[in-house]
Amino acid sequence: MSVEPVIITSTAWMRRFCEARRAEGRRIAFVPTMGYLHEGHLRLVERASGLGDCVVVSIFVNPMQFGPAEDLDRYPRDLDGDLKKLAAYPVEAVFCPPVSELYPEGFQTRVRVERVSEPLCGASRPGHFDGVATIVLKLFHIVGPAFAVFGLKDYQQFQVIRTMVRDLDLDVEVVGCETVREPDGLARSSRNVFLSPEERAAAVVLSSSLAEAGEAIVAGRLGRADQVERFLAERIGAEPLARVDYVSCRDADTLGAVDAITRPVVLALAVFFGRTRLIDNRVVSI
Ligand code: PAF
């Protein structure tokens, strides 16, 4: 049964709301987002509703995870549209605080998850995962969820959060959901809205090259991480509108470097189309 969600903008109110739900013996399933919701987010909400007894969604564009030259100001926002989309789901509360509520004057703490944050997006976007870990830990403290649901398109983010939860003994089950894709394979992302029609058409090269590389690994045609990385860089480099930030083949669990592929690996990439940076990944088990 769907109920109209309560729109909550203050930390104290959100905390009280969640405490009251837990006091009734209900387990909160939490979906943290930055809004501009698409099908991928809605699948996370669906998954959350199958896990807990009370679904809470947060919508907060977190300034701490954006670098000074990044797209914080132009990151797409549409709170009214998001609330309309969520109305079709059994969400009990939407937490959408202003920045000053979560980062008041005098705020000076950062959470750093070390090794797993360092390669890939951590190398291209210094401090990004400190910002993610800090806001997610704050949200976990405010909401007190039994379950928290994240999309696996942000594979490294998922591993960073899992590691933080394990290392800090947080009592929350972190659940990952498969990437939702457009019919041609492009991973759903709030940033897809920035692609020109030509860039949108070209961006299909990301999922198609990941699929090709995955098949070549399974078939034994690519057996080393450096071969896989060359293969991906060549395929994507052949698309004139694509500018590779990184392509990488790493241990799927630790994100550590790999030579010969003998364990599950994640093929991860970040590629610019114009000013828009897209990420995607594929986990390959042999
Ligand atoms: O994946 C996102 O949307 C964000 O990184 C998150 C987890 C909501 C933290 O701001």
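Not measured: the values here are computed from a predicted model. Indexing begins at 1, ligand by ligand and atom by atom, following the structure's order.
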Which of the atoms in ligand 1, numbered in the order shown and given with their element, are less than 4.0 Å from a heavy-atom of T33? 8 (C)
So does R26 pair up with E92, basic N to acidic O under 4.0 Å? yes
Interfacing atoms of ligand 1 (cut-off 4.0 Å, heavy-atom, I135): 9 (C), 10 (O)
Looking at non-hydrogen atoms alone, which of Q65, H128, Q157 comes nearest to atom 1 (O) of ligand 1? Q157
Looking at R181 and D280, is there a salt bridge between them, counting it only when a charged N and a carboxylate O are closer than 4.0 Å? yes
Determine, using ring centers only, whether F66 and Y75 are less than 6.0 Å apart. yes
Go through the side-chain N and O atoms of Q227 and R230 and say whether any donor and acceptor fall under 3.5 Å apart. no
